[in-house]
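Below: the structure, in structure tokens.
Just so you know, residue 1 is the first one in the sequence shown, and it goes up from there.
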Amino acid sequence: MSAMLRSALLAALFSVSTLGVSVPAHAGAADQLKAFVSDVKAASGAFSQYTVGDKGQTRPKQTGEFAFERPGRFRWLVKQPYEQSIISDGKQLYQYDPDLNQVTERKVDEAIGTSPAAILFGSGSLEQAFDVSDLPDRDGMQWLRAKPRGADAGFAQVDIGFANNQPARIELLDSFGQTTRVELSNLKPNPGFAPDAFRYTPPQGADVVKM
């Protein structure tokens, strides 16, 4: 799984973890996440993200917008500094690179595998996939840490910070020591998508590679 695809799936999972969800006052971040897995069906919003290497080097920041609807449908659109898109219609997942004019197509189940996105897009159990625990507050936010139980997840852990009962920051540590930080904004729960909102047709003339 590519770094962009992994980041998209992870951010899509955690980006709306309390929107439209009723949680008890002073609930910890882990309880807010569980409420999301149980209650939130769809959402849209904007994101910005950047990756810091194991030696402190920083890659250019990416910004864009996302939307998802369970089970299995989502779109993750990078707008700046270059365009890329990942779209799933619930059965097939398409990753499009305009610079290469190439679309990579694969089955959603194979692309998601045992990643956190499987919980969002399917019917998986949070406890089956992750060891989730609350962390001490920092930077004015409540935090949780999710560690994958499987050895093939491709990342070591993901920390999620909540402010005012909404996710504000995601910090993903991958297996190579790189940290991806995602900031979220304009979060809208259950917006009511059109039936064809996640339908995808490759651009005319694009090279389609099936995985």
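The closest side-chain heavy-atom distance from Pro148 to Val158 is not below 4.5 Å. Residues Tyr50 and Arg181 form a side-chain contact, since some pair of their non-hydrogen atoms from C-beta on lies under 4.5 Å apart. Inter-residue side-chain proximity for Lys107 and Gln92 is flagged as met; some heavy-atom pair is nearer than 4.5 Å. At a threshold of 4.5 Å between non-hydrogen side-chain atoms, the residues Ile170 and Leu184 count as touching. Side-chain contact between Leu93 and Phe74: present, with at least one pair of heavy atoms (C-beta onward) separated by less than 4.5 Å. In this structure, Tyr82 and Gln62 have side chains that are in contact, with non-hydrogen atoms separated by less than 4.5 Å. Counting heavy atoms from C-beta on, the side chains of Tyr96 and Glu83 never come closer than 4.5 Å.
For the residue pair Ser88 and Val108, the shortest heavy atom distance occurs at OG-CG2, 3.1 Å. Of all heavy-atom pairs between Arg73 and Pro195, the closest is NH1-O, 3.2 Å.
Listed by chain and residue number, Asp54, Lys55 satisfy the side-chain contact (heavy atoms from CB on, under 4.5 Å) test with Gln57 (two or more places apart in sequence, or in another chain). Every residue meeting the side-chain contact (heavy atoms from CB on, under 4.5 Å) condition with Leu77, not counting sequence neighbours, appears here in chain and number order: Glu65, Arg75, Lys79, Ser85, Ile87. Residues passing the side-chain contact (heavy atoms from CB on, under 4.5 Å) test with Arg199 are Asp196, sequence neighbours excluded.
When atom types are taken as modelled, the side chain of Asp89 and the backbone of Phe198 share no donor-acceptor pair closer than 3.5 angstrom. Between the Asp174 side chain and the Phe176 main chain, a donor and an acceptor come within less than 3.5 Å of each other. Here the side chain of Trp143 pairs a donor or acceptor atom with the backbone of Arg138 at under 3.5 angstrom.
Between the CD atom of Glu183 and the CD atom of Gln49 there is a distance of 10.5 Å, given to the nearest 0.5 Å.
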